[in-house]
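Below is one structure, written out as structure tokens; the observations come after it.
The analysis underlying the following values was restricted to heavy atoms, covering all of them including side chains, and did not include hydrogens, waters or symmetry mates.
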Amino acid sequence: MNRYIKITAIFVTALSAMLLPSHAMAQSDALFSQYWALPSYYNPAAAGNSDSIKITAGAKMQWVGIPNAPVTFTGLADSPFKLFGKRFGAGIMFAQDNIGLFSTINIGAQIAYKLKLLGGTLSIGLQVGLTNQSFKGTEVFIPEGDDYHSSDDEAIPTTDIAGMAFDMGVGVFYTHRWFWAALSSTHVLQPTITLSAEGQQQTEGGEYQFQMGRGLYFMAGSNIPIKNTLFEIQPSMMLRTDLSTFTGDITARVRFKKFLSGGIGYRWKDAVSIMVGGEYKNFFLGYCYDYPTSAISKASSGSHEVFLQYNVKLNLQDKNKNKHKSIRIM
């Protein structure tokens, strides 16, 4: 009989914040407080939404002070392009999430189709890739006299095990001059990953399973210039659910001269955030500190998050086929 290693995934959808319950939710996709800077991590339709090639690297150390707390690394790259007169976006996504003795790696290729709609642009995206799950069974330690666990329990792996499965995500993303909004789902097929020791023949006694949970996400935001000043206000929000548990982020940022930015955020009954950022030429560097508002604050000093983004502007305008060069020297 197979042993099952199950972790409930985060699911997020566009539901009213009034419906958010007070209990905590399990974590599979990372809870980035700077979600507004990493939209393609949650939604493949965000690929190619700007006129630039974007390369982003980010990391989050969650609940510093607690042994084996979650640590996440992600790398994202996307670019717009035209094909047969239509606009598309393409991207790649890499993420590694380490929690205790578990490690999850997600790799995905993204494609998005863009079309004009109601004065804005609607993007429809698809991500296909692989999810790898591993568990360091050789590092399991059960102290003698433990009343809850036994070293002879066959449900606890004693060897390092790993497995891989096909994974998929979908999303839509709408951008307008005044606002943006997006809805997406990760791990759509809820893949079941069979884990076994490398080189070990999968048998009934040496096989474990891990199931990824489907996640639903809703994001929205705006960029509001303050008249006669060099400031912009950038509010945003993200909701997440598995249709039984919910959480949400709300963020308020201010940007000055397209150079410096800062803001605060709040995650429902979990943490408050302070974030700062700076832009120079084609680079943007952002940092965020989360202070827990739950009982976990008794054991952790908080969470740290940083990302670096590089942008290369592209010109996707149609060239004038009738344009000719002047022989005059101005």
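Taking CG of Asn106 as the start and CE of Met212 as the end, the distance is 5.0 Å to the nearest 0.5 Å. One distance of note links CD of Gln211 with OG1 of Thr194; it measures 11.0 Å at 0.5 Å rounding. Distance CG/Asp270 to CG/Leu31: 7.0 Å, rounded to 0.5 Å. Rounded to the nearest 0.5 Å, atoms OH (Tyr113) and CG (Leu83) are 11.0 Å apart. Atom-to-atom distance recorded for Asp167:CG and Gln190:CD is 10.5 Å, nearest 0.5 angstrom. Taken from OG1 in Thr247 to CE in Met238, the straight-line distance is 9.0 Å, to the nearest 0.5 Å.
Judged purely by distance below 3.5 Å, without hydrogens or angles, the side chains of Thr138 and Asp160 pair a donor atom with an acceptor atom. Lys114 and Asn49 form a side-chain donor-acceptor contact under 3.5 Å, judged by distance and modelled atom types alone. The closest side-chain donor-acceptor pair between Asp29 and His187 falls under 3.5 angstrom. With 3.5 Å as the limit, one finds no donor-acceptor pair spanning the side chains of Arg267 and Ser273. No donor-acceptor contact under 3.5 angstrom links the side chains of Thr293 and Tyr266, judged on distance only.
The nearest pair of heavy atoms linking Ala45 to Ser123 is O-OG, 2.6 Å. Counting all heavy atoms, side chain and backbone alike, Ala299 lies closest to Ile66 at O-CG1, 3.8 Å. Here the shortest heavy-atom pairing between Val188 and Gly169 reads CG2-CA, 3.9 Å. Closest of all the heavy-atom pairs between Ser50 and Arg87 is O-NH2, 2.9 Å. Heavy atoms only, all atoms of each residue included: Pro44 and Gly171 are closest at CG-N, 4.0 Å. Of all heavy-atom pairs between Val172 and Ile124, the closest is CG1-CG1, 4.3 Å.
Side-chain contact between Thr72 and Gln62 is absent, with no heavy-atom pair separated by less than 4.5 Å. Contact check for Leu230 versus Phe259: no side-chain heavy atoms found under the 4.5 Å cut-off. Between Val312 and Ser79, the closest side-chain pair of non-hydrogen atoms is not below 4.5 Å. A 4.5 Å side-chain heavy-atom check between Val306 and Leu285 finds at least one atom pair inside the cut-off. Contact annotation: the side chain of Phe94 approaches that of Ile105 to within less than 4.5 Å [non-hydrogen atoms, C-beta and beyond]. You'll find the side chain of Met164 stays beyond 4.5 Å of the side chain of Thr131, heavy atoms only. The shortest distance between side-chain heavy atoms of Trp63 and Pro70 falls below 4.5 Å. Leu314 has its side chain within reach of Ile53: a pair of non-hydrogen atoms, C-beta onward, lies under 4.5 Å apart.
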List the steps and the verdict of side chain to side chain contact (heavy atoms under 4.5 Å, CB included) for His304 and Tyr289.
CA-CA 5 Å; His304 301 273; Tyr289 169 71; 3.7 Å; yes
Between Trp36 and Met219, is a side chain to side chain contact (heavy atoms under 4.5 Å, CB included) present by the stated rule, with each step listed?
CA-CA 8 Å; Trp36 42 267; Met219 294 186 288; over 6 Å; no
Set out, in order, the CA-CA distance, both residues' side-chain angles and the distance that settles ring pair (Phe, Tyr, Trp, His ring centres under 6.0 Å) for Phe284 and Phe307, then state yes or no.
CA-CA 8 Å; Phe284 184 91; Phe307 78 92; 5.5 Å; yes
Show your reasoning for whether side chain to side chain donor-acceptor pair (under 3.5 Å) applies to Ser103 and Asn98.
CA-CA 4 Å; Ser103 179; Asn98 301 314; 2.8 Å; yes
Apply side chain to side chain contact (heavy atoms under 4.5 Å, CB included) to the pair Asn43 and Tyr217, showing each step before the final yes or no.
CA-CA 8 Å; Asn43 191 330; Tyr217 295 81; over 6 Å; no
Begin from the C-alpha positions of Glu232 and Val254 and carry the test side chain to side chain contact (heavy atoms under 4.5 Å, CB included) through to its verdict.
CA-CA 6 Å; Glu232 301 166 276; Val254 175; over 6 Å; no
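With a 6.0 Å radius and a threshold of 12 heavy atoms from other residues, nucleotides or ligands, Ile250 has its CD1 atom at or below the threshold. A 6.0 Å sphere centred on CD1 of Ile264 holds no more than 12 heavy atoms belonging to other residues, nucleotides or ligands.
Under a hydrophobic clustering in which Ile, Leu, Val, Met, Phe, Trp and Tyr are joined whenever their side-chain heavy atoms come within less than 4.5 Å, directly or via other members, Ile226 and Phe256 fall into the same cluster. In the hydrophobic clustering of this structure, Ile92 does not group with Tyr310; members are Ile, Leu, Val, Met, Phe, Trp, Tyr whose side-chain heavy atoms approach within less than 4.5 Å, directly or through other members. When the side chains of ILVMFWY residues are joined at heavy-atom separations under 4.5 Å, either directly or via intervening members, Leu122 and Phe88 end up in a single hydrophobic cluster. Note on Leu308 and Leu76: separate hydrophobic clusters, where clusters join Ile, Leu, Val, Met, Phe, Trp and Tyr whose side-chain heavy atoms are under 4.5 Å apart, directly or indirectly. At a threshold of 4.5 Å between side-chain heavy atoms, the hydrophobic network of Ile, Leu, Val, Met, Phe, Trp and Tyr places Trp178 and Phe231 in two separate groups.
A donor-acceptor pair is defined here as one N or O able to donate and one able to accept, closer than 3.5 Å; no such pair exists between the side chain of Ser236 and the backbone of Ala220. Put simply, the side chain of Tyr287 never gets that close to the backbone of Ile274: no donor and acceptor are under 3.5 Å apart.
Ring geometry for Phe173 against Trp180 counts as parallel: the plane angle stays under 30°, on a 0 to 90° scale with 60° as the upper cut. Phe102 and Phe135 have tilted rings, their planes meeting at an angle from 30° to 60° on a 0 to 90° scale.
With Pro292 as reference, Ser297 is the one residue of Ser303, Ser297, Ser301 to meet the side-chain contact (heavy atoms from CB on, under 4.5 Å) rule. When each of Arg253, Glu305, Lys60 is checked for a side-chain contact (heavy atoms from CB on, under 4.5 Å) with Gln34, only Glu305 meets the rule. Between Ser40 and the choices Met93, Lys54, Gln110, the side-chain contact (heavy atoms from CB on, under 4.5 Å) rule is met once, by Gln110.
Outside the 6.0 Å centre-distance limit, the rings of Tyr42 and Tyr35 are not counted as a close aromatic pair.
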